[in-house]
2 protein chains.
Amino acid sequence: MTMNLSLTDIQQTFRDCGLKSTPQRTAIYQALVHSTAHPTAENLFTQVSPAYPMLSLNTVYYTLGVLRKAGLVQEVNVGHDRARFDANLSPHHHVICLGCHAILDVMDPRLNRLSSPLGIPKDFEITSHQVAFRGYCGTCRRSRSSMTTSPSGKRPAIQ
Amino acid sequence: MTMNLSLTDIQQTFRDCGLKSTPQRTAIYQALVHSTAHPTAENLFTQVSPAYPMLSLNTVYYTLGVLRKAGLVQEVNVGHDRARFDANLSPHHHVICLGCHAILDVMDPRLNRLSSPLGIPKDFEITSHQVAFRGYCGTCRRSRSSMTTSPSGKRPAIQ
DNA sequence: TTGCTACATAGGAATCATTCCTAAACAGGA
DNA sequence: TCCTGTTTAGGAATGATTCCTATGTAGCAA
Ligand SMILES: [Mn+2]
Ligand SMILES: [Mn+2]
Ligand SMILES: [Zn+2]
Ligand SMILES: [Zn+2]
């Protein structure tokens, strides 16, 4: 989330990347830029839909693909379930709640400079790294401590 | 991969965990223990099938679920595509090839003691962390450097 | 050793996120 | 304004994983 990015800023960004500026694309990217929740495609669809009732989930996927190829969006590779998206491009890390699958940003510059890993093949070229901290958020921690015989765990909504 | 674990060792492990010891379960776990490739369910199915022609992929999934609940196996949460499994329970990290999706272990103890992250809610309880290094393995690096107009990228097989 | 029972297996169907396909709409440049 | 390649919407297809269920069997107790 690069602070409040106005509609015209976004359109300029698209122009800079050689991307056509359509209302749907703009709305989807704007929703993502203004979120820190690392929403899923469907989250974005749900959020943008009211303003564009004809919007297709398909378009959300297509748009995210385009934005990813343009380098404006990254997939947060955490869990193998549904994809989570992030418009925060600065190098950063994540804390993941094992209960509700919330993902929080960790902007800790100390983590950006880890020693390169020992014991991997010499010809392996590392281009980036990311630290994933896992645990339980306050909400999930409280629900677990009560019901010891947890039915299946509460899930505070994403986004 | 905890060094060569014999069949009887595995059966003992199952007994210790209160798990029934069936031929399929034993074969699946043994295949996983002896692999460092972080195979998928289907990889394990393919590997174990010849010895158990009646084996169902379903059973592989069920078995991995049981082993996971017993704490004998972890899912390597890297990418949101298909699940990768790991019987290496000691704290360690991974290098992931963006070309062929190979996953290598990084047993670097320096990475096991990272400073706890700044700027997250006080009531968030971190239970573990893992570093994911990304890049390109030698094979993939060579294939990319040649075909600049890469058709879609070669994929050296997993496992 | 035998029988019981809860757990395991196999196979098929169901689910669900994501991708593919295609016709119609449209942004942006000529 | 017109053209063309991109984008969109909707529907179908894909593919990993889960669900359902009948049958099989490991482990325990008699
Ligand atoms: Mn982030
Ligand atoms: Mn590993
Ligand atoms: Zn939580
Ligand atoms: Zn590779």
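Throughout, a chain's letter reflects where its sequence line sits, starting with A, and its residues are numbered from 1. What you are looking at is a predicted structure, and each value in this text was computed from that prediction instead of being measured.
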Q: Give me the bend of the helix from C:dT1-D:dA30 to C:dA30-D:dT1, using the axes of the five pairs at each end, rounded to 10°.
A: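 Computed from the C1' atoms at both ends, the axes differ by 30°.
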
Q: Are A:Glu75 and A:Arg68 within salt-bridge range, i.e. N to O under 4.0 Å?
A: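 Result for this pair is yes, salt bridge flagged.
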
Q: Between atom CD in A:Glu75 and atom C1' in C:dT19, what is the gap in whole Å?
A: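 About 13 Å, once rounded to whole Å.
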
Q: Go through it in stages, so that I can follow the logic: the residues are B:His93 and B:Asp105, the test is side chain to side chain donor-acceptor pair (under 3.5 Å), and I'd like the CA-CA distance, side-chain angles, deciding distance and then a yes or no.
A: CA-CA 6 Å; B:His93 308 272; B:Asp105 284 329; over 6 Å; no

Q: What pair of heavy atoms forms the shortest contact from B:Leu44 to B:Leu32, and how long is it?
A: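 That closest heavy-atom pairing would be CD2-N, 4.0 Å.
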
Q: Does a side-chain heavy-atom distance below 4.5 Å link A:Gln24 with A:Tyr62?
A: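 Side chain of A:Gln24 against side chain of A:Tyr62, heavy atoms only: no contact under 4.5 Å found.
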
Q: How close or far is atom P of D:dG27 from atom CZ of B:Phe14, stated in whole angstroms?
A: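 Nearest whole value for this atom pair: 11 Å.
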
Q: Write down the distance between CZ (A:Arg82) and P (C:dT18), rounded to a whole number of angstrom.
A: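 The answer, rounded to whole Å, is 7 Å.
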
Q: Provide the closest heavy-atom pair for A:Val48 versus A:Ala31 in the form atom of the first, atom of the second, distance.
A: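 Looking at all heavy atoms of both residues, the shortest contact is CG2-CB, 4.0 Å.
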
Q: In this structure, how many angstroms lie between the P atom of C:dT18 and the CG atom of A:Asn43, rounded?
A: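 It is 11 Å, rounded to the nearest whole Å.
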
Q: What integer distance in Å separates A:Lys69:NZ from C:dT19:P?
A: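 Value for this atom pair: 10 Å.
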
Q: Of all heavy-atom pairs between B:Cys97 and B:Tyr136, which one has the smallest distance, and what is that distance?
A: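 The answer is SG-CA, 3.9 Å.
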
Q: Just do the side chain to side chain donor-acceptor pair (under 3.5 Å) check on B:Asp86 and B:His92 with the steps written out, would you?
A: CA-CA 11 Å; B:Asp86 194 346; B:His92 68 284; 3.1 Å; yes

Q: Can you sort out which residues in residues 54-66 of chain B have a heavy atom within less than 4.0 Å of DNA chain C? Ascending by number, please.
A: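 Within this stretch, B:Met54, B:Leu55, B:Ser56, B:Asn58, B:Thr59, B:Tyr62, B:Thr63 sit under 4.0 Å of the strand.
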
Q: For A:Gln11 and C:dA27, what is the distance between atoms CD and C1' respectively, to the nearest whole Å?
A: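 From A:Gln11 CD to C:dA27 C1': 12 Å.
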
Q: Check the distance between C:dC16's C1' and B:Asp81's CG and give it to me in whole angstrom.
A: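 Atom-to-atom, B:Asp81 to C:dC16, this comes out as 16 Å.
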
Q: Does the pair B:Gln47 and B:Asn43 meet the rule for a side chain to side chain donor-acceptor pair (under 3.5 Å), with working shown?
A: CA-CA 6 Å; B:Gln47 187 178 342; B:Asn43 290 332; over 6 Å; no

Q: Specify the separation, in whole Å, of atom OH of B:Tyr52 and atom C1' of D:dG24.
A: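 Going from OH in B:Tyr52 over to C1' in D:dG24 covers 15 Å.
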
Q: Residues from residues 18-28 of chain B sitting under 4.0 Å of DNA chain C, heavy atoms only?
A: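 Correct list: B:Lys20, B:Thr22, B:Gln24, B:Arg25.
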
Q: Take A:Asp9 and A:Ser6 through the side chain to side chain donor-acceptor pair (under 3.5 Å) test and state the conclusion after the steps.
A: CA-CA 5 Å; A:Asp9 292 334; A:Ser6 76; 3.1 Å; yes

Q: Under the criterion side chain to side chain contact (heavy atoms under 4.5 Å, CB included), which of B:Leu114, B:Asp108, B:Val106 is the partner of B:Val131?
A: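 The side chain to side chain contact (heavy atoms under 4.5 Å, CB included) with B:Val131 is passed solely by B:Leu114 among B:Leu114, B:Asp108, B:Val106.
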
Q: Would A:Leu104 and A:His38 count as a side-chain contact (heavy atoms from CB on, under 4.5 Å) if you check the C-alpha gap in whole Å, the side-chain angles of each, and the deciding distance to 0.1 Å?
A: CA-CA 8 Å; A:Leu104 307 181; A:His38 307 84; over 6 Å; no

